[in-house]
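Note on naming: letters A, B, ... go to the chains in the order of the sequence lines (proteins, then strands), and numbering restarts at 1 for each one. Everything numeric here is computed off the predicted structure, so don't read it as measured data.
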Number of protein chains: 2
Amino acid sequence: MARDAARGTLDYCILGLLQGRPLSGYDIKRIFDRTIDYIWNAGDSQIYACLKRLHAEGLVAAETLIQVGRPNKRLYRLTPAGEQALQRWLAERVPDRFAKNEFLVKLFFCGEAPPAVALAHLEEHRASVEAQLAHGREALARALRYRGSRQRALAFQLLALEYMLAALEADLAVTDRAIARLREEVARAAQDSA
Amino acid sequence: MARDAARGTLDYCILGLLQGRPLSGYDIKRIFDRTIDYIWNAGDSQIYACLKRLHAEGLVAAETLIQVGRPNKRLYRLTPAGEQALQRWLAERVPDRFAKNEFLVKLFFCGEAPPAVALAHLEEHRASVEAQLAHGREALARALRYRGSRQRALAFQLLALEYMLAALEADLAVTDRAIARLREEVARAAQDSA
DNA sequence: TCCATCATGTAAGGTGTTACATGATTGC
DNA sequence: GCAATCATGTAACACCTTACATGATGGA
C-alpha cells in the first residue's frame with residue numbers, strides 16, 4: 001500500500017466536508033462557494049467527477065434520494081476507508097510549494113509600462129481586497145454567531161479566516177502606500193512637462 | 001485577431017524577463033529561482049517547451065551560441081511582436097481567481113484531528129514562514145544595493161517584495177497566536193487527565 | 001570517485017477549467 | 001415570459017509536474 005486512493009487536495013476537501021453528514025455534489029459546491037471559497041474551490045464538473053472516483057475507490061458510499069418536484073439527488077457519505085484516508089492526509093506534512101500570484105507577477109513586470117497601467121492595477125486590486133475583506137468579516141460574524149455542535153471544527157475555520165483577514169489587511173496597507181507613491185509620481189511627471 | 005499567440009502567465013513571465021537582454025532557457029530558470037520564485041515558477045521542462053512555442057509563434061527570436069568547454073546554448077530575444085504581446089498583457093486586467101492554499105485547507109479541516117496534528121502543522125509552517133522572511137529580506141537588501149540602469153523596473157520588483165514581506169509578517173503574527181492558544185489547550189487537556 | 005553546474009530536451013500522466021447538454025420548478 | 005435555483009453529468013482542452021535521457025567540465 002504505497003499511497004491513498006484519494007489523489008489531490010480536492011479529494012480531501014470533499015472527504016473533509018462529508019465528515020458527520022451526507023451531502024450531494026450540489027451541496028458540496030454550495031458549501032465551497034459559501035465557506036472555503038477563499039482557500040480552495042472547484043468547478044461543479046470537477047466535483048462530480050471527483051465524487052464518482054472516490055465512490056469507485058470505496059472512500060465514499062452513495063445512495064440516490066428520490067425527490068418530488070425537483071431532480072433526484074445522489075447523497076454521498078464517508079466510509080471507514082474514507083475516514084482513514086482523511087485522517088492520514090490531515091497528519092501528513094503540507095508540501096510547501098510556492099503560491100502563484102497573478103497580480104504580483106504583473107506588477108513585477110510593470111516597470112516598462114507607463115505608470116497609469118500600474119496605477120490602474122493597484123486601484124482595481126484595492127477594490128478587490130476591500131470586497132474580500134467585507135466578505136471575510138461577514139463570514140467571521142456569521143461564524144461567531146454560530147451555536148451548535150462542531151465547536152472544535154469551528155475554531156479551526158475561524159483560524160483560517162483570521163489568517164485571511166490578517167493577510168488582506170496587510171495587503172491593503174501596502175496597496176495604499178503604493179497608490180500614494182505612484183499618484184505622486186504621475187503628478188510630478190505632469191508638472192515637469194507643464 | 002481574437003487573442004495573443006502567448007497563452008498562460010508563464011509565457012508572459014518569460015517575455016517579461018527577455019526585455020532588454022537575450023537569455024537562454026537555462027538562464028531563465030536561474031532567474032526564476034533567484035528572483036521571482038516566491039510569486040511564480042516552473043520546471044525547466046516547462047520553460048523549454050514554452051520557449052519553443054513562443055519561437056514558433058514569432059514572439060521570440062532564437063540563435064545558437066557555440067561555446068567551448070561547455071554545452072552550446074540557445075539564446076532567445078524578444079521580437080517586436082513579442083514586445084507588443086507583453087505590453088498588451090501588462091495593460092490587461094488581472095483575472096481575480098481565488099488563491100489556493102494547501103496549508104490553510106488542511107488547517108481548516110483539523111477540527112476532527114487531535115490537537116497535536118494541528119500544532120505540528122503550525123510549527124512547521126512557522127519555520128517555513130521564517131525561512132521565507134529571511135530569504136525575502138536578503139533579496140530586499142540585494143535589491144537596495146543594486147545600482148544600474150533599469151531603476152524603474154527595480155522599483156516594481158521592490159514593491160512585489162514589499163507585498164510578500166508584509167504578508168509573511170502578518171502570517172507570522174497569526175501563527176504565533178495560534179500556536180500559543182493550542183499549546184495552552186494541550187496543557188489544559190494534560191492537566192485535566194492528570 | 002562522486003557530485004554540482006551547465007545545457008536542452010521528450011514522454012507520460014495528473015489536475016483544472018470551460019463549454020456544452022438536459023430539464024423541472026419557483027419567483028419576478 | 002425570463003431568470004434563477006436545483007441537479008448531474010460528458011468532452012475537450014489547457015496547464016503543470018515528474019521522471020527520464022544525455023553528456024562535458026571542474027571541484028571536493
Side-chain angles (χ1 to χ4, degrees), chain A residues 2-14 22-34 37 39-57 60 62-76 95-100 102 105, chain B residues 2-14 22-34 37 40-57 60 62-76 95-102 105:
Chain A
R3 63 175 59 185
D4 263 321
R7 285 203 262 252
T9 308
L10 180 59
D11 293 36
Y12 294 103
C13 279
I14 290 177
L23 294 170
S24 69
Y26 192 82
D27 297 331
I28 288 171
K29 175 56 179 162
R30 260 169 47 241
I31 297 179
F32 263 110
D33 287 342
R34 282 194 205 147
D37 190 50
I39 315 176
W40 208 273
N41 207 336
D44 9 296
S45 61
Q46 209 191 336
I47 290 170
Y48 287 117
C50 214
L51 280 168
K52 197 162 261 195
R53 202 186 50 242
L54 291 172
H55 182 237
E57 277 159 358
V60 301
E63 80 194 274
T64 301
L65 188 81
I66 284 113
Q67 298 191 118
V68 222
R70 47 173 71 181
N72 297 335
K73 59 160 79 177
R74 256 180 106 63
L75 277 181
Y76 293 90
D96 62 325
R97 310 222 178 91
F98 66 101
K100 295 184 174 178
E102 291 191 61
V105 166
Chain B
R3 64 174 59 185
D4 264 322
R7 285 203 262 253
T9 307
L10 180 59
D11 293 35
Y12 293 104
C13 280
I14 291 178
L23 295 170
S24 70
Y26 193 82
D27 296 332
I28 288 171
K29 175 57 179 162
R30 259 169 47 243
I31 298 181
F32 263 111
D33 287 343
R34 282 194 204 147
D37 189 50
W40 207 274
N41 208 336
D44 11 296
S45 60
Q46 209 191 335
I47 290 171
Y48 288 117
C50 216
L51 279 167
K52 197 162 260 194
R53 202 185 50 241
L54 291 172
H55 183 238
E57 278 159 356
V60 300
E63 81 195 273
T64 301
L65 188 80
I66 282 111
Q67 299 190 118
V68 221
R70 47 172 70 182
N72 297 335
K73 59 160 78 178
R74 255 180 107 62
L75 277 181
Y76 293 91
D96 62 324
R97 309 220 179 91
F98 66 101
K100 295 184 174 178
N101 188 324
E102 292 191 61
V105 166

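- Side-chain contact of K29(A) with N41(A): a donor-acceptor pair under 3.5 Å is present, judged by distance alone.
- You'll find the side chain of L10(A) reaches within 4.5 Å of the side chain of Q46(A), heavy atoms only.
- Residue R74(B) has its side chain nearest to dG9(C) when only dG9(D), dG9(C), dA7(D) are considered.
- For R7(B), the side-chain atoms get nearest to dC15(D) when compared with the rest of dG23(C), dC15(D), dA7(C).
- Checking dT17(C), dG9(D), dA7(D) against the side-chain heavy atoms of Q67(A) singles out dA7(D) as nearest.
- S45(B) contributes no side-chain N or O that forms a donor-acceptor pair with the base of dT8(C) under 3.5 Å.
- Across the protein-nucleic acid pair, L51(B) atom CG and dT8(C) atom P stand 9 Å apart, rounded to whole Å.
- For W40(A), whose side chain is taken as the heavy atoms from C-beta onward, the closest listed nucleotide among dG16(C), dT8(C), dT5(D) is dG16(C).
- Taking atom CZ on F32(B) and atom C1' on dC16(D), their separation rounds to 13 Å, with Å as the unit.
- Between the OH atom of Y26(B) and the P atom of dA4(C) there is a distance of 12 Å, given to the nearest Å.
- Side-chain atoms of I14(B) and V60(B), non-hydrogen and from C-beta on, never get closer than 4.5 Å to each other.
- Ranked by how close their nearest DNA chain C nucleotide is to the 5' end, D44(B) and R97(B) are led by D44(B).
- Checking the phosphate oxygens (OP1, OP2) of dT10(D), a side-chain nitrogen or oxygen of K52(A) falls inside 4.0 Å.
- The CZ-C1' distance, from F98(B) to dT17(C), rounds to 10 Å in whole Å.
- As rounded to whole Å, 17 Å separates atom P of dT25(D) from atom NZ of K73(B).
- Backbone-only contact: K100(B) has heavy atoms under 4.0 Å from sugar-phosphate atoms and none from a base.
- Between D11(A) and R53(A) there is a side-chain heavy-atom pair separated by less than 4.5 Å.
- Atom CD in E63(A) sits roughly 14 Å away from atom P in dA7(D) (whole-Å rounding).
- In terms of position on DNA chain C, the residue among A49(B) and R30(B) whose nearest nucleotide sits closer to the 5' end is R30(B).
- Between the CG atom of N72(B) and the P atom of dA7(C) there is a distance of 10 Å, rounded to whole Å.
- Salt bridge annotation for R30(B)-D33(B): absent, with no cationic side-chain nitrogen under 4.0 angstrom from a carboxylate oxygen.
- The side chain of R70(A) places an N or O atom within less than 4.0 Å of a non-bridging phosphate oxygen (OP1 or OP2) of dA7(D).
- Residue Q46(A) places at least one side-chain N or O closer than 4.0 Å to OP1 or OP2 of dT17(C).
- Between Y48(A) atom OH and dT18(C) atom P the separation is 18 Å, expressed in whole Å.
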